[in-house]
Amino acid sequence: MNPGPLLFLASFFMMSVSWLGFVLMPQLQIGRQGQVDVDGQLYPPMRPGMARQGEQVYRANGCFYCHTEQVRPKGYGSDVARGWGGRPGVVQSVAQDYLYDRPVMLGSQRIGPDLANIGDRQTNELLLLLHIYNPQLTMPKSVMPPYKFLFETRKLMPGEQLSTNALPVGDANPGEEVLPTDDARALAAYLVSLHSDSILFETPPPPAPATNAPGAATNAPASGAAAK
Amino acid sequence: MSAISSPAQPETGDTATPPPASAAEIDASCRAPLLLLFVCAALWLLTASGFGLVATLKFHSPDFLANCAWFTYGRVHPASLDALVYGFAAQAGLGVLLWLVCHLGRTRLDFRPGIVAGILLWNVGVKLGILGILAGENTGFEWLETPRYALVTMFGAYLLIGLGAMRTFHQRREPGLYISQWFLLAAVFWFPWIFSAAGFLLAAKPVRGAMQAVVDAWYFNNLTKVWLGFIGLAAIFYFIPKLAKRPLHSHYLGIFIFWTLALFGSWGGIPMGAPLPAWIPALSTVAAVLTLVPVLGVAMNVRGTAAGECSALARNPSARFILFSVAAYVIAGLSTAITSVYGVSEVTNFTWLVPAQTQLFLYGFFAMAMFGSIYLIVPRLLGVEFSPRLVGLHFWLAALGIVIYAVPLAVGGVVQGTALNLGSGPFFDIMRSSLTFLRASTTGDLLMALGHLVFLLNLAGLLARVARQALRQACADNLKPAEATP
C-alpha cells in the first residue's frame, strides 16, 4: 500500500479541524457583528476620515509593536487599576469594539501603555503631537523614540509670527517653527478617536454595590455565554 | 539493496523504474538548488541580525536613527522578524526538507529548474516584503507583515518549490515511510494551506473586526508550532539516530508526536483576557498545555535514542547544534505551556517574556537544528569538510548568544509583569527599570550576529575552496593536451 495519499489525507484532516474550530467557528459567532444601538446611538461609530487616515499612520509605523489596544477585565492584571479601562463594569475590551478597525491591531507587548482608551485620557491633540515629536518633553521617563520625521521645520520670514499650529517646542532654533505634517495630525486625530466606553450587553455596568459578580474574568458576549 | 527495491516494483507498476539512486547521485542532484537556498538563508540571517541590532539599540538611545522613517522601531523590528522567518527559517528549512525527502526516498531531486526558479522568486518576494515594511506598507498583522504583492510572489514561489518536493516524494524508491517523512510531507502541505488561508482572510478579503486578530494568531501558531516544528523535528529524528549510530528509539512514539502536535499545536496562541468570546482563549490555553504531550514525547524519543551517547555526540560540533535544539524545544514548549495558564498569563502576557519565548523557539530550536543539519549536509554536497574549529566557534557564539538573549529577557519579563500586575508602581518607572534586562540581552544579539557572520564565512569559505579546486582541475585538464600535442 502506498502510504503517501493516506498521509496527505491525514494532514489535510488535522489542518481542516484546526481551521474549522479556530477560524470558521469564531467567524460564525463574531464575524457578522454589526453596529448596535446604545441609547439611540450606534456603537461603534465610524471613525472620522482624518482618524481613519491616522489609523494607517499608526499601522505603517508599527506603533502596535509597543502599544496594545486591548484592556483586560477588571481583576485580571492591573489594566483597569492603571486607569486604562473605559467601562465601569468588570468586562473591558470586547470584540464589538474593533468592528471598524482596518486592520485590527491588538498588539502583543506593552513597552508603552495601553491605548485602547487614550482618547478618554487625553483629548488635547497638541499635547499628543508634542509627545509624538519628542516623548521626553511630555513624559520625561518615557522610553519611546521621537517621531520627528512626522514634523517639518520651517524658517520664519523676518518679523513673521509663529503659525497657529506650530508646536511649542523649546529646542527649535529662533527664527524657525516646527509644524506637524498631515500624517502627524491624522495620527493625533486617530489617538483621540480611541475610546471603547459604551455600555453594551456583554459589558454590563457594575451591579448594586458590594456584590462581586461571579465569572468576573470572562468577557463572553451574548452568544458565547449561551454556548459556554 | 535488491531486497528493498523489489517490493517497490508492484507498487509503482512501472517496469522501467530506475533503481534507487546512490547517495552520491542524490547529492549531485541536490547540489545547486540546496547551496543556493543555504547561502540565501545565511545572507537573510545576517540581514535579520542587522535590523534586530538597530531595533534593540533604540532601547539604549531612543534618538538612534530616529529621524529616518525607514529605520523607526516599528519598521525595523518587523523587518528583522520577517527576514528571520521568511528569509532564513523558510529557506534553510526548505533546503533541509528537500535533502531529507531525496535521501529518505532514495531518489534524485526532481523538477530542479522549477525549484531554482522558485528559490529566486521567493527571495524576490521576501526582499519586496522587507522593503515594503521599511517603506511603511506593513499590513498590520504580526508575522504576516509583508504587503500583498510580496505575499503573492512568495506564494507562487512556494508552489514551485513545493511541487518539486512533491514530485520527488512521489518518485521515492523506498516503500516504507520513516517518521521524518511524515513530518516533511505534512510540512510541504501545511505552509501553503495556512499561508493562503491567512493571506486571503487578512490581505485579500479581510474578515471583519476582531476576527482579524483570531486569524492572525491562528496563522502564527500554525507557522511556528506546526510548520517549523515539523521541519525541525524531521531533521532531529533523522540526524540524531544517524549520529548516534542506532535506530530511532520508537517509531510509534514518533507517529504519536506527529498526531498530537498537529492537533494541539494548531489551536493555541490566543492569551487569556483577549477581547474575544471566552471560549476562544480558553480552548487555546487547553491546547497550549496539551502541547506538553508531544514536547515530552520528543524528549523521551531523543533520550531513548541518544542515551549513553550524548558525550560522544557532543564531541561532534554539528551534533552539538542538534542536541541544543532538542533542549531548546523542550524548554520553549514547557515555558509556553506554563505561561498560557490563567494565573501565570495574567502576569507574563505583554511582557518581555513573550519575545524571549518566541526567540527561544525560532532561534534556539529551529535555527540551531538547521545549522546542525546544514553543517552535516553541505560537506556531502561538496565533498569537502568544514573546519571543526570554525563550526565549534559558530556553535559557542550561537548558543551563548541565545542564552544571553533569552534568559535576561525572560527574567526581566517576570520582574516587569510582577511589578506591573501585582504592584502599583508607576508604569514608566517599571518600564525604565525593565530596560536593564533588555540592554543585557543586547549582548546576546551581538554574539548571535557574530555567529551568523561566522556561519556565512564558513559557507563562503567552503564554496571558495571548492571553486579553487575546480578551477585548478579545469586548468590542469585543459593544459595537459596542449603539452602533449607537440
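Reminder, nothing fancy here: chain letters follow the sequence lines and each chain counts from 1.
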* chain B contact via A/Asn61 - side chain, backbone, both or neither, heavy atoms under 4.5 Å -> both
* To do: Using a 4.5 Å cut-off on heavy atoms from C-beta on, say whether the side chain of B/Gln212 contacts that of A/Tyr98.
  => no
* Is a side-chain N or O of A/Tyr76 found less than 3.5 angstrom from the main chain of B/Tyr342, in a donor-acceptor match? -> yes
* Structure fact -> Residue from B/Trp193, B/Phe428, B/Phe189, B/Trp182 scoring the most non-hydrogen pairs under 4.5 Å with chain A is B/Trp193
* To do: Report the option among A/Arg32, A/Met144, A/Met139 that has the most heavy-atom pairs separated by less than 4.5 Å from atoms of chain B.
  => A/Met139
* **Heavy-atom side-chain contact between B/Leu201 and A/Val23 under 4.5 Å** => yes
* Report yes or no: does A/Ser18 contribute a side-chain atom to a donor-acceptor pair with the main-chain N or O of B/Ser266 at less than 3.5 Å? => yes
* Can you name the closest pair of heavy atoms from B/Thr139 and A/Pro103 and give their distance? -> O-CG, 3.3 Å
* Asked: Checking heavy atoms, do the side chain of B/Gln416, its backbone, both or neither come under 4.5 Å from chain A?
  -> side chain
* Evaluate side chain to side chain contact (heavy atoms under 4.5 Å, CB included) for A/Tyr100 paired with B/Arg208, printing each intermediate quantity in order. => CA-CA 8 Å; A/Tyr100 289 124; B/Arg208 193 184 278 192; over 6 Å; no
* Asked: Of the non-hydrogen atoms in B/Trp190 and A/Ser11, which two are nearest, and what is the gap between them?
  -> CZ3-O, 3.6 Å
* Which residue out of B/Pro355, B/Ala197, B/Pro206, B/Ala135 racks up the most heavy-atom pairs below 4.5 Å with chain A? -> B/Pro355
* To do: Begin with the C-alpha distance, continue with both residues' side-chain angles, and end with the deciding distance and a verdict on side chain to side chain contact (heavy atoms under 4.5 Å, CB included) for B/Asn67 and A/Phe151.
  => CA-CA 10 Å; B/Asn67 294 335; A/Phe151 297 81; over 6 Å; no
* Asked: Which members of residues 57-65 of chain B, sorted by number, sit under 4.5 angstrom from chain A on a heavy-atom basis?
  -> B/Phe59, B/Pro62, B/Asp63
* Asked: How would you list, in number order, the residues of residues 111-121 of chain A that have a heavy atom less than 4.5 Å from chain B?
  -> A/Ile111, A/Gly112, A/Pro113
* Asked: What is the minimum heavy-atom distance between B/Gly136 and A/Arg59, and which atoms define it?
  -> O-NH1, 3.6 Å
* Asked: Can you check whether B/Asn138 reaches A/Phe64 side chain to side chain, under 4.5 Å on heavy atoms?
  -> yes
* To do: Go through the atoms of A/Phe12 and report whether side chain, backbone, both or neither lie under 4.5 Å from a heavy atom of chain B.
  => both
* Kindly write out the residues that satisfy side chain to side chain contact (heavy atoms under 4.5 Å, CB included) with A/Ala10, not counting sequence neighbours, or none if the list is empty. => B/Trp259
* Asked: Is chain B contacted by the side chain of A/Thr68, its backbone, both, or neither, given a heavy-atom distance below 4.5 Å?
  -> side chain
* Out of A/Gln70, A/Met15, A/Gln136, A/Met105, which one racks up the most heavy-atom pairs below 4.5 Å with chain B? -> A/Met15
* Structure fact -> Tightest non-hydrogen contact, residues A/Gly21 and B/Trp267, listed as CA-CH2, 3.6 Å
* A/Gln109 side-chain N/O to B/Phe350 backbone N/O, donor-acceptor pair under 3.5 Å -> no
* So which of B/Val207, B/Val215, B/Asp429 has the biggest tally of heavy-atom pairs under 4.5 Å with chain A? -> B/Asp429
* **Which atoms of A/Leu99 approach chain B - backbone, side chain, both or neither, heavy atom under 4.5 Å** => both
* Tell me, do A/Ile30 and B/Pro277 make a side-chain contact under 4.5 Å, heavy atoms counted? -> yes
* Structure fact -> Tested for side chain to side chain contact (heavy atoms under 4.5 Å, CB included) against B/Pro275, the lone hit among A/Pro73, A/Ser196, A/Ser93 is A/Ser93
* Structure fact -> Rounded to the nearest 0.5 Å, the CE atom of B/Met211 sits from the CD atom of A/Gln27 at a distance of 4.5 Å
* Asked: Do A/Arg82 and B/Asn421 have side-chain N/O donor and acceptor atoms under 3.5 Å apart?
  -> no
* Between A/Arg72 (side chain) and B/Glu346 (backbone), is there a donor-acceptor pair under 3.5 Å? -> yes
* Asked: So which of A/Val57, A/Asp101, A/Val17 has the biggest tally of heavy-atom pairs under 4.5 Å with chain B?
  -> A/Val17
* To do: With A/Tyr65 as reference, evaluate B/Glu145, B/His77, B/Glu142 under the side chain to side chain donor-acceptor pair (under 3.5 Å) test and give the passing residue.
  => B/Glu145
* To do: Heavy atoms only: give me the nearest B/Gly209-A/Val104 pair and the separation to one decimal.
  => O-CG2, 3.0 Å
* Interatomic spacing from CZ in B/Phe258 to CG in A/Leu7 - rounded to 0.5 Å -> 5.0 Å
* To do: Please report the closest heavy-atom contact between A/Arg110 and B/Phe427, naming both atoms and the distance.
  => O-CZ, 4.0 Å
* Examine A/Phe22 together with B/Trp218 and report whether their ring centres are nearer than 6.0 Å. => no
* **Distance (rounded to the nearest 0.5 Å) between B/Leu185 CG and A/Leu6 CG** => 10.5 Å
* Is there a donor-acceptor pair closer than 3.5 Å between any side-chain N or O of A/Ser78 and the backbone N or O of B/Leu420? -> yes
* Under a 4.5 Å heavy-atom cutoff, which of A/Pro135, A/Ala81, A/Gly62, A/Cys63 has the most pairs with chain B? -> A/Gly62
* In terms of heavy-atom pairs under 4.5 Å with chain A, which of B/Val214, B/Val354, B/Ile280, B/Asn222 leads? -> B/Ile280
* To do: Measure distances from A/Met25 to the heavy atoms of chain B and classify the residue's part below 4.5 Å as side chain, backbone, both or neither.
  => both
* **Spacing of B/Phe71 atom CZ and A/Phe149 atom CZ [to the nearest 0.5 Å]** => 12.0 Å
* Asked: Among all residues two or more places apart in sequence or in another chain, which pass the salt bridge (charged side-chain N to carboxylate O under 4.0 Å, His left out) test with A/Arg185?
  -> A/Asp182
* For chain A, which of B/Ser345, B/Gly417, B/Gly265 has the most heavy-atom pairs under 4.5 Å? -> B/Ser345
